[in-house]
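Here the structure comes first, spelled out in structure tokens, and everything after it is commentary.
Fair warning: this is a prediction, and the values are worked out from it, not measured in the lab. Per chain, numbering begins at 1; letters A, B, ... match sequence-line order.
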Number of protein chains: 2
Amino acid sequence: MTTPHPATAAPEQPILRARRLGLHTQHQPVVIMRTDCHVCRSEGLSARSQVLVSAGGREVQATLFQVEGEDLIALDEVALSETAWTLLGVEVGDAISVTHAPTLESLASVRRRIYGNRLDAPAFASIVKDVVAGRYTDVHLSAFLTASAALPLDEEETVDLTRAMVEVGDRLSWDAPVVVDKHCIGGLPGNRTTPIVVAIVAAHGLIMPKTSSRAITSPAGTADTMETLAPVDLDIATLRRVVDAEGGCIAWGGAVHLSPADDIFVRVERELDVDTEGQLIASVLSKKISAGSTYVVLDIPVGATAKVRSEEVAAHLAGRLRTVAARFGLTATCLQTDGSQPVGRGIGPALEAIDVLAVLRNAPEAPDDLRRRSATLAGAALEIGGKAGKGEGAALALETLADGRAWKKFEAICEAQGGMRVPPIAPNVHPLLAPRTGRVVHINNRKLSRLAKLAGAPEAKAAGVRMDVRLGDEIDKGEPMLHVHAGTGAELAYALEYAARSGDIVKVEP
Amino acid sequence: MTTPHPATAAPEQPILRARRLGLHTQHQPVVIMRTDCHVCRSEGLSARSQVLVSAGGREVQATLFQVEGEDLIALDEVALSETAWTLLGVEVGDAISVTHAPTLESLASVRRRIYGNRLDAPAFASIVKDVVAGRYTDVHLSAFLTASAALPLDEEETVDLTRAMVEVGDRLSWDAPVVVDKHCIGGLPGNRTTPIVVAIVAAHGLIMPKTSSRAITSPAGTADTMETLAPVDLDIATLRRVVDAEGGCIAWGGAVHLSPADDIFVRVERELDVDTEGQLIASVLSKKISAGSTYVVLDIPVGATAKVRSEEVAAHLAGRLRTVAARFGLTATCLQTDGSQPVGRGIGPALEAIDVLAVLRNAPEAPDDLRRRSATLAGAALEIGGKAGKGEGAALALETLADGRAWKKFEAICEAQGGMRVPPIAPNVHPLLAPRTGRVVHINNRKLSRLAKLAGAPEAKAAGVRMDVRLGDEIDKGEPMLHVHAGTGAELAYALEYAARSGDIVKVEP
């Protein structure tokens, strides 16, 4: 069916001018226009329409809000939120055009997935492309992620999603036969081995361009923790310079744009507090593949209240990770580790950074569990990279910590990333006291994480929890079991109110 | 574990004053505060936090945006979007308090549902309560609806969701043994029988307090169509007055708050273009139960491109509807009808209203299919209500149309609802011409709906499609098959561009 072009085609738009309000809407691009402006009327735009905003050859999809009256903006102005402003790269007064957002064709694939049909590679590619172009609303993103959790992604779908996520991002390559990487499958508060592992491995001359995420559902991601010690928002050129100079880095993956789709998915997963196997694998591996890694050591903590709760689940996850990684020429080594209690003493960005510093500097109070776990992971990398014989990597790693080589390398990496920082201290600290005399028989990782988040972590860098006890410790009634560190008095109150009603976070039995 | 109250409890908030910006954000309550205001700093609020806004004993949950600089609002002001302003009922300068939104406990049930666990009645009750309180973000709403589509609600869950939706809304009761209602399970463009059925049934003295929805994924809901003929935003008192006076009404369900949860779900379903059996049943029946109906006649159109595509699916849906209805003391009669092509000539609010008027007024151009279908449904209601013998209802209904009693009743209902209106006419009309001479062998309802929506329906009341042909018609090349009616030139262009690339909407074969 063909039709002649209508006599009433869309008229030329009158010129609209960019206005900056300094409006922060987090990631969501927002534009504000007058309800009575010519464009809103001729295009039939209504409040909360999705619109396509163009200026100087760039485009961004935004949510439209409208205002009545003269107070806020003039009739020929379009006010842009900071996110929209930055993405468009406009100046005050630049000409802006606004039209209906184009039809979202890939949503048909999301609907098919909701109704239980599996998707093929082109479907994932088109979904991820639209997601990265900012064309998915929160409703669409949440539907895609929920559908991929309700009917879990199978192996082929996980491969296809991983590839789609790699292809929309930048990609690094290195002139080295072995490029090592590591990753921990979260869920264990305080398990902040990465900065230590990178320092040890790079001290031996191996290449380790480590990018880390911010927290998804936990009180701190490695990037959040590392940010209290040095800048982590490195662009690709800076990251390459740091790695060329020092062999390793600890950067925030989101700033490098190695997996821009993942940054968007993670935000929604955090809001839902949902983190599934397929999405997890695609998230982890897309970043390793984009970073140009050839080997990755994966730490999978197993424990009753860790993210992975049984050895069977860990073995399944490890198998799936190895298989999907192999499809991209990446060799994955998976280590199951103890996930029964937090690692180190701190939970929260700055509190974990303090543990990391203590281990690297051989401080007398350094948590031994964090030291040993880091040495195990670094040892596996040293063996892969041919720097230690089979079974001798962990001993070499401990030696590299003890003789100060790791600390020296860490200082050099921090300097190269922009200068070392001192982690901040929280202004509000309050203990939780033992309700009776006895022995610590159980520590609930999930409740601890919740407590640290209510105290303000990870947004408030200094916030979180510092543990005073470990499993098996004897404690007297009234002694502190842990301290809550909060950014504000209100957050401290929220956290303590939660502690009072949540049942045992730390269980003491006579 | 108990803890003493912290010495650093949240300090008294400095007073913030309400500012009105005239900002339209559709349903989403938004507040804008200065990044550097005391409350944002002491509470640790960041852009896009969910916050609880209180004033004069009322509360509303809102999304927080922040601004930098002095231009937009003063340091002690909180700007409220129109939705937030109305919900709080404040005046300019009123004292406002803002805190973190409370933890959303019912989200744990949504997560359990995502992972394939079925929910019980208390879980649905707490979810629906939080939804109606405005505590679910788009991410949460979409996850709940997607999870309920990916693993379809079973019968018990559908009953529990229906009950939860009834319990959060207002509820009507009538001093009559028989209160009839009707509903069409959508998916068939132009199937606008409701105003005709209500007029016929009420003309015989039966009680029919009909509330209808706006479009979910279609170009027009009955409320959208009826709104072009009379006001439909009736509050409960007005609705009761209309029904007491005339026996029937055709009101928008959302204004009556019979199922406030449904209004929220429908918005998200529309954004996803997803409409599932369980949600559909809970949506339909919650409104019938709240309206105090004892009998409901359900029209289920079946056709290859209708919402229900086979007699088997229709039978399953009918069975589930009857069973769930019976649990609430409501008797449901389900009629399968022809869903192979649109009913009447118009698709879109005003264009459908014009068909309705033609049938009620016995105009010579009145579409006979709309007349006969309305008579069938009204006939079933007349038989249920004891006004016609078994098998004699449809004939009585046709007689009631022919002798003008239905038209007289319809006029009286419109007057009681606030005065009869004349449906608007679109300013941009353009034909789609037959590409060859031949016979109309197929009409794609889904593509027609899409075409009408791109032309601006249902937001633009006059927009939509007017059919010039029906299945089996002979047509010459170059004759119009249909006319697109658009609100704006831009919308006409979108619609025609879609028609040009969508393949056959109306299929003509030699």
Side-chain angles (χ1 to χ4, degrees), chain A residues 1-3 6 8-11 21-26 28 35 42-44 46-48 65-69 71-72 100 107 111 114-116 137-139 142-143 146-147 149-151 268 271-274 428 430 432 435 456 459-460 487-494 496 499-500 504-505, chain B residues 1-3 6 8-11 21-26 28 35 42-44 46-48 65-69 71-72 100 107 111 114-116 137-139 142-143 146-147 149-151 268 271-274 428 430 432 435 456 459-460 487-494 496 499-500 504-505:
Chain A
M1 184 184 308
T2 57
T3 62
T8 49
L21 291 178
L23 184 68
H24 292 273
T25 55
Q26 216 196 24
Q28 183 188 18
T35 310
S42 68
E43 290 273 321
S46 55
R48 220 151 184 254
F65 291 155
Q66 293 178 318
V67 280
E68 279 174 304
D71 289 358
L72 207 60
H100 280 282
L107 203 57
R111 275 193 296 273
I114 292 173
Y115 291 123
T137 66
D138 278 6
V139 165
S142 180
T146 299
L151 172 69
V268 176
E271 194 164 330
L272 283 176
D273 211 346
V274 155
N428 303 279
H430 201 270
L432 282 194
E459 285 79 12
T488 68
E491 286 165 330
L492 182 60
Y494 292 127
L496 294 178
D504 285 341
I505 298 177
Chain B
M1 184 186 306
T2 58
T3 62
T8 48
L21 291 179
L23 185 69
H24 292 272
T25 55
Q26 216 197 24
Q28 182 189 18
T35 310
S42 68
E43 290 273 320
S46 55
R48 222 151 182 253
F65 291 156
Q66 293 179 318
V67 280
E68 280 174 303
D71 289 359
L72 206 61
H100 280 280
L107 203 57
R111 275 193 295 273
I114 292 173
Y115 291 124
T137 65
D138 278 5
V139 165
S142 179
T146 299
L151 172 69
V268 176
E271 193 165 330
L272 283 177
D273 211 346
V274 155
N428 303 280
H430 201 270
L432 282 194
E459 285 79 12
T488 68
E491 286 164 330
L492 181 59
Y494 291 128
L496 294 178
D504 285 340
I505 297 177

Q) Between A/Arg48 and B/Thr25, what is the shortest heavy-atom contact and its length? A) CD-O, 3.3 Å

Q.
Using heavy-atom distances under 4.5 Å, tell me whether A/Ala147 contacts chain B through its side chain, its backbone, both, or neither.
A. both

Q: Tell me, out of A/Glu459, A/Gln28, A/Glu491, who's got the most heavy-atom pairs with chain B below 4.5 Å.
A: A/Gln28

Q: Find the one option among B/Gly116, B/Ala150, B/Gly487 whose heavy-atom pairs under 4.5 Å with chain A are most numerous.
A: B/Ala150

Q: Applying salt bridge (Lys or Arg N to Asp or Glu O under 4.0 Å), name anything that partners A/Arg111, two or more places apart in sequence or on another chain.
A: none

(Q) Quick check on the interface: out of B/Thr137, B/Asp71, B/Leu151, who has the most heavy-atom pairs with chain A under 4.5 Å? (A) B/Thr137

Q: Might you point out which heavy atoms bring A/Glu271 and B/Leu107 nearest each other, and give the distance in Å?
A: O-CD2, 3.9 Å

Q | Least distance between heavy atoms, A/Ala143 atom then B/Leu272 atom | A | CB-CD2, 3.4 Å

Q. Say you draw a straight line from CD of A/Gln26 to OG of B/Ser46; how long is it, rounded to the nearest 0.5 Å?
A. 6.5 Å

**Q.** Shortest non-hydrogen contact from B/Val67 toward A/Leu21
**A.** CG1-O, 3.9 Å

Q: Could you tell me which non-hydrogen atom of A/Ser142 sits nearest to which non-hydrogen atom of B/Val139, and how far apart they are?
A: OG-O, 2.6 Å

Q) What part of B/Ala149 is in contact with chain A, defined as an atom under 4.5 angstrom from a non-hydrogen atom: side chain, backbone, both or neither? A) both

